[in-house]
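All figures in this text were calculated on a predicted structure; none of them were measured in a lab. Counting convention: from 1, in listed order, for ligands and their atoms alike.
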Amino acid sequence: MNEIILAKYGEIALKGLNKNTFEERLVGNVKRRLAPLGRFKVKHAQSTLYVIPGENFDVDMAAEKLKTVFGIAKICRAKGFEKNWDIIRDQGVSYVSEQLENAKTFKVEAKRADKKFFMASPEICREMGAAVLERFPHLSVDVKDPDVTVTVEIREENAFVHALKMDGAGGIPVGSSGEAMLLLSGGIDSPVAGYMMAKRGVKISAVHFESPPYTSERARLKVEKLASIMTDYCGDINFYCVPFTQIQEKIRANCAEEYFTVIMRRIMMEVAQRLCEKNSIQALVTGESIGQVASQTMAAMVCTDAVCRMPVFRPVVGMDKKEIVAVSNKIGTFETSIQPYEDCCTVFTPKHPKTRPTLENVRREQNSFDFEPLINEAVENTSLKVIKIS
Ligand code: ATP
Ligand code: MG
């Protein structure tokens, strides 16, 4: 048997009656994610997903890609054997020899899912440990904190041996928890917010507001690039782009400057939720963090949320910038986020935004112009592009 990949479930192993649905979702997500790498099969048993390579399948790349699939806690490269102990022991030790050569200490772990197998777990550990020590006399056993753990799994059809365990992305499979619309700017925070929702199983669509000619084509391409990087974790993303120029110009011409940002944010939310209603999307997501900038005070958020008819999730609300940057680096969006292109928010930034706007004043300012026809027009003229996993 060739080398295969065992992907162990995280939380979904616990989900009781819904487990099948989660499992099917995970299998679908894994198949889509690995499809570009060649032919392979996926099956599942006992809270483990098996990725079985076909011809010319790139196992290294597959293991790498699986690290971004939510719902997987651990990824093991393993070799499968027929259930003949001499073969398991001798060929198993050869298979993990590279890891053992470079280690000082090891232990053996046995998992015996097939309770009919003639050896019990302690016996498997003892015999395998003895075989390892015979081949690698420089090693010593350390059951508490070994450099390498050699695992022998006796399952129904085959036995598996592995010593390479990598962390998966954790979370639950994308698509298990409904769909939300992420307000995606070109900044650092909103891609991280999208990642965090996807981690909890939420499918992500994204909406971006652009104001040409104040914002350039390249600014939008940057945001599309961010969405494309996010597909590693989120899967395909429906990317909605809203023409926002006229609305912003009318805000500037009609409302008091100190309220520009909060009114703009309220209208963004309104447009976003109309797009949600049209597309059966249940909630909004933003990258706001309380107090990060003058427009992100709690008072401003109260005024923004007053227009919302659906939940608004702000998964980075309690994080410091440093923590957000760390996640951004981990998911690979940081370098793109810091490219200096203009955002529609920054084009008409007031010199002194109201940090404690009241709903009454905001409404009064916003009512100085009838935005409704322009909001309709913006929704009508919104474009959709599907950003596919690469
Ligand atoms: P980010 O790093 O996500 O851009 P930020 O700290 O720059 O956030 P703001 O520019 O005040 O903060 O934006 C706050 C949130 O509003 C963003 O996280 C995003 O969810 C949303 N937002 C801002 N500008 C846009 C835009 N042009 N299109 C879509 N959403 C936007
Ligand atoms: Mg921003």
Side-chain angles (χ1 to χ4, degrees), residues 180-197 204-212 214-227 229-230 237-245 247-248 251 260-276 283-298 300-301 303-305 307-308 312-329 331 333-350 353-355 357 378-379 382-383:
M181 180 73 91
L182 169 69
L183 280 80
L184 183 62
S185 66
I188 296 168
D189 306 323
S190 40
V192 171
Y195 157 84
M196 291 180 70
M197 294 303 290
I204 294 295
S205 281
V207 57
H208 177 67
F209 295 82
E210 65 169 1
S211 296
Y214 306 101
T215 62
S216 62
E217 164 93 11
R218 290 175 73 180
R220 173 162 38 84
L221 292 178
K222 168 188 166 180
V223 182
E224 286 182 18
K225 173 89 191 294
L226 284 172
I229 298 170
M230 290 172 67
I237 294 178
N238 289 336
F239 180 84
Y240 298 89
C241 197
V242 182
F244 209 47
T245 314
I247 289 174
Q248 285 202 289
I251 296 174
F260 282 1
T261 310
V262 65
I263 292 171
M264 180 191 70
R265 199 54 58 72
R266 279 159 62 90
I267 297 178
M268 279 185 174
M269 293 297 213
E270 183 57 48
V271 171
Q273 64 192 334
R274 289 191 195 185
L275 292 170
C276 289
L284 299 172
V285 180
T286 79
E288 290 164 296
S289 168
I290 289 185
Q292 196 189 77
V293 288
S295 61
Q296 293 180 24
T297 59
M298 194 142 88
M301 289 184 198
C303 293
T304 317
D305 282 10
V307 301
C308 293
V312 182
F313 295 115
R314 297 180 169 89
V316 303
V317 75
M319 291 166 78
D320 292 349
K321 195 75 188 185
K322 218 173 109 194
E323 295 168 313
I324 300 174
V325 166
V327 180
S328 164
N329 268 313
I331 64 175
T333 48
F334 184 74
E335 291 304 324
T336 305
S337 287
I338 58 173
Q339 286 174 7
Y341 294 113
E342 63 292 336
D343 181 70
C344 72
C345 280
T346 48
V347 177
F348 301 126
T349 310
K354 263 259 183 275
T355 50
V379 172
T382 292
S383 62

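- One distance of note links NZ of Lys321 with CD1 of Ile188; it measures 4.5 Å at 0.5 Å rounding.
- In Leu182, neither the side chain nor the backbone holds a heavy atom less than 4.0 Å from any atom of ligand 1.
- Residues Phe244 and Ile267 meet the side-chain proximity criterion, which asks for heavy atoms closer than 4.5 Å.
- Ligand-side atoms of ligand 1 in range of Thr286: 20 (O), range being under 4.0 angstrom from any heavy atom.
- Checked against a 3.5 angstrom limit, the closest N/O atoms of Val285 and ligand 1 fall outside it.
- Considering backbone and side-chain N/O of Phe209, one or more are found under 3.5 Å from N/O of ligand 1.
- The shortest N/O to N/O separation between Ile188 and ligand 1 falls below 3.5 Å.
- Those atoms of ligand 1 with a heavy atom of Met268 less than 4.0 angstrom away are 24 (N), 25 (C), 26 (C).
- The closest donor-acceptor contact from the side chain of Ser337 to the backbone of Thr333 lies under 3.5 Å.
- Here the straight-line distance linking atom NZ of Lys354 with atom OG1 of Thr261 works out to 12.5 Å at 0.5 Å rounding.
- Atom numbering of ligand 1 starts at 1 in the shown order; those under 4.0 Å from a heavy atom of Glu288 are 14 (C), 15 (C), 18 (O).
- The minimum heavy-atom distance linking Pro212 with Thr245 is given by the pair O-OG1, 2.7 Å.
- Considering backbone and side-chain atoms alike, Gln296 places an N or O below 3.5 Å from some N or O of ligand 1.
- Proximity to Val207 (heavy-atom distance under 4.0 Å) selects the following atoms of ligand 1: 29 (C).
- Among Ser190, Gly287, Ser289, Gly194, the residue whose heavy atom lies closest to atom 3 (O) of ligand 1 is Ser190.
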**OP:** Output, in order, the C-alpha distance, side-chain angles, deciding distance and verdict of salt bridge (charged side-chain N to carboxylate O under 4.0 Å, His left out) for Glu270 and Arg266.
**Re:** CA-CA 6 Å; Glu270 183 57 48; Arg266 279 159 62 90; over 6 Å; no
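- Side chain of Gln273 to main chain of Val307: a donor-acceptor pair is present (N/O by atom type, distance under 3.5 Å, no hydrogens or angles).
- Ser190 and Ser185 form a side-chain donor-acceptor contact under 3.5 Å, judged by distance and modelled atom types alone.
- Close N/O approach between Ser185 and ligand 1 is found [any backbone or side-chain N/O within under 3.5 Å].
- Counting heavy-atom neighbours within 6.0 Å of Lys222 NZ, excluding the residue itself, gives a total above 12.
- In this structure, of Asp189, Val223, Val192, Leu184, the residue bringing a heavy atom nearest to atom 2 (O) of ligand 1 is Asp189.
- Within ligand 1, the atoms closer than 4.0 Å to a non-hydrogen atom of Gly187 are 1 (P), 2 (O), 4 (O), numbered from 1 in the order shown.
- For Glu210, no heavy-atom contact with ligand 1 is shorter than 4.0 Å.
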